[in-house]
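Report on the following structure.
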Amino acid sequence: MDIRKIDWNEAWKKAHAEGSRKWKDPGFWNRRAPSFAKHAAESPYASDFIGIMQPEQHWSVLDVGCGAGTLARPLSKMVKQITAIDSSDVMITLLQEQCAKEGLLNVTALNIGWEEDWEKAGVGIHDVTIASRSLIVEDLKEALNKLNRFARKRVYISALVGDGPFDRRIFEAIGLEIDRRPDYIYIYNLLYQMGIYADVTFVTNQGHGKVYSDLEAAVQDLRWMIDELNSEKEVLLREYLRRNLIKKEGGWGLPHQHVVRWAIISWSIS
């Protein structure tokens with residue numbers, strides 16, 4: 001098969017349609033916002049992404065799908081101005097509260113989604129646009145073109161590689177399938193078809209290098225990963241952890257290392 005003849009935007013739409021619709025539901029992210037924000041704050045992902053960006057002090061940055069400010073907050077201390085948008089009003093509230101707490105005055109947080117009219121909402125062109133783990137869209141080509149239109153200099157996006165942060169062993173243990181979205185290769189191949197020769201850097205971290213004080217701490221830490229953690233599935237999760245947690249220095253941990261990879265894809269605006 002000649003992959004150059006594949007319509008990668010249509011392939012994305014098909015793969016996206018086969019996945020769960022929950023990823024596009026702001027209510028889903030509203031429910032997950034507190035645990036997701038806590039998990040993101042403890043991950044080295046933000047520093048890896050920013051290290052690849054090499055931000056400049058005079059930049060204005062548009063952060064699309066900003067969440068609770070995983071990138072917006074640290075970036076605000078390195079650039080001139082940030083506009084952070086997200087379809088989840090709870091995420092935006094968490095970001096605004098944290099910015100107020102930290103005295104970050106150069107972050108404008110707006111409750112706006114991918115499909116809305118950004119110009120009408122007052123979002124202007126920025127030096128750089130970023131979409132960090134947030135390309136949860138049906139029409140990928142339209143989203144990429146939109147990022148291009150709102151950037152003067154460069155675009156940075158990130159996407160999962162394979163299962164990303166979701167540990168297949170845990171899902172199998174509690175009888176759930178990983179609800180996977182199409183990963184980075186769709187994006188990279190579509191960019192190629194659009195005449196964009198993007199740079200790609202992979203960042204890697206260990207998903208389960210943590211040490212927990214006890215079983216309950218492990219359960220609470222893993223909740224962010226499993227949206228469908230009802231009482232029955234929680235019993236299975238506890239049983240899995242009870243069987244698999246081993247003694248480590250300072251507490252308890254899982255014996256395996258779940259390797260999490262993200263693809264950071266970027267290109268210049270010509």
[X] and [Y]: which non-hydrogen atoms are nearest, and at how many Å?
| X | Y | value |
| --- | --- | --- |
| L241 | A218 | CD1-CB, 3.9 Å |
| A109 | L95 | CB-CD2, 3.8 Å |
| W12 | L135 | CZ2-O, 3.3 Å |
| D214 | A217 | OD1-N, 2.9 Å |
| N106 | S76 | ND2-O, 2.8 Å |
| R152 | I125 | NH2-O, 3.2 Å |

**OP:** Apply the test side chain to side chain contact (heavy atoms under 4.5 Å, CB included) to residues V61 and T129: give CA-CA distance (whole Å), side-chain angles for both, the deciding distance (0.1 Å), then the verdict.
**Re:** CA-CA 6 Å; V61 177; T129 57; over 6 Å; no
Original post:
So I265 and I187, side chain to side chain contact (heavy atoms under 4.5 Å, CB included) or not? Walk me through it.
Top reply: CA-CA 9 Å; I265 307 173; I187 302 169; 4.1 Å; yes
Taking [Y] as the starting point, is it possible to reach [X] by hopping between hydrophobic residues whose side chains are less than 4.5 Å apart?
| X | Y | answer |
| --- | --- | --- |
| I92 | I136 | no |
| L215 | L254 | yes |
| I6 | I185 | yes |
| L71 | I52 | yes |

**OP:** Could you give me the CA-CA distance, side-chain angles and deciding distance for E249 and V211, then say whether side chain to side chain contact (heavy atoms under 4.5 Å, CB included) is met?
**Re:** CA-CA 8 Å; E249 183 178 353; V211 175; over 6 Å; no
Treating [X] as the side-chain partner and [Y] as the backbone partner, does any N or O pair qualify as donor plus acceptor under 3.5 Å?
| X | Y | answer |
| --- | --- | --- |
| H126 | G124 | yes |
| E97 | L94 | no |
| S158 | R133 | yes |
| D183 | G162 | yes |
| D127 | K153 | no |
| D89 | N111 | no |
| K248 | G253 | no |
| W114 | G65 | no |
| D167 | H258 | no |

Are more than 12 heavy atoms from other residues, nucleotides or ligands located less than 6.0 Å from atom [atom1] of [X]?
| X | atom1 | value |
| --- | --- | --- |
| E216 | CD | yes |
| E10 | CD | yes |
| I246 | CD1 | yes |
| K101 | NZ | no |

Subject >> Salt bridge present between E56 and K80 (N-O < 4.0 angstrom) >> reply: no
**OP:** Among Y184, F49, W262, find the one that has a ring-ring contact (aromatic ring centres under 6.0 Å, His included) with F202.
**Re:** Y184
Does any non-hydrogen side-chain atom of [Y] lie less than 4.5 Å from one of [X]?
| X | Y | result |
| --- | --- | --- |
| I50 | P55 | yes |
| I157 | L147 | yes |
| V259 | T204 | yes |
| N9 | D139 | yes |
| I196 | N148 | yes |
| I130 | L62 | no |
| D86 | I112 | no |
| V203 | I264 | yes |

Subject >> Lys NZ or Arg CZ of R169 over Y240 ring: under 6.0 Å, within 45° >> reply: no
Subject >> Geometric cation-pi criterion, K146 with W118: 6.0 Å, 45° >> reply: yes
What distance separates [X] [atom1] from [Y] [atom2], expressed to the nearest 0.5 Å?
| X | Y | atom1 | atom2 | result |
| --- | --- | --- | --- | --- |
| D163 | R168 | CG | CZ | 4.0 Å |
| K14 | Y186 | NZ | OH | 8.0 Å |
| E142 | E138 | CD | CD | 10.0 Å |
| Y188 | Y197 | OH | OH | 9.5 Å |
| W8 | N189 | CH2 | CG | 4.5 Å |
| M91 | S134 | CE | OG | 11.0 Å |

**OP:** Sort and list the pairs that fulfil ring pair (Phe, Tyr, Trp, His ring centres under 6.0 Å) and have at least one residue in residues 58-90, not counting sequence neighbours.
**Re:** none
**OP:** Might you work through the salt bridge (Lys or Arg N to Asp or Glu O under 4.0 Å) test for E239 and R242, ending with a clear yes or no?
**Re:** CA-CA 5 Å; E239 289 178 357; R242 192 175 289 111; 5.7 Å; no
**OP:** Go through the steps to decide whether R238 and E234 satisfy the test salt bridge (Lys or Arg N to Asp or Glu O under 4.0 Å), and finish with yes or no.
**Re:** CA-CA 6 Å; R238 288 177 183 276; E234 184 168 331; 2.9 Å; yes
Original post:
D199 and R154: salt bridge (Lys or Arg N to Asp or Glu O under 4.0 Å), yes or no, with the steps?
Top reply: CA-CA 11 Å; D199 298 316; R154 199 163 175 84; 2.9 Å; yes
**OP:** Show your reasoning for whether side chain to side chain contact (heavy atoms under 4.5 Å, CB included) applies to V128 and V155.
**Re:** CA-CA 6 Å; V128 171; V155 178; over 6 Å; no
Subject >> Aromatic centroids of W252 and Y212 separated by under 6.0 Å >> reply: no
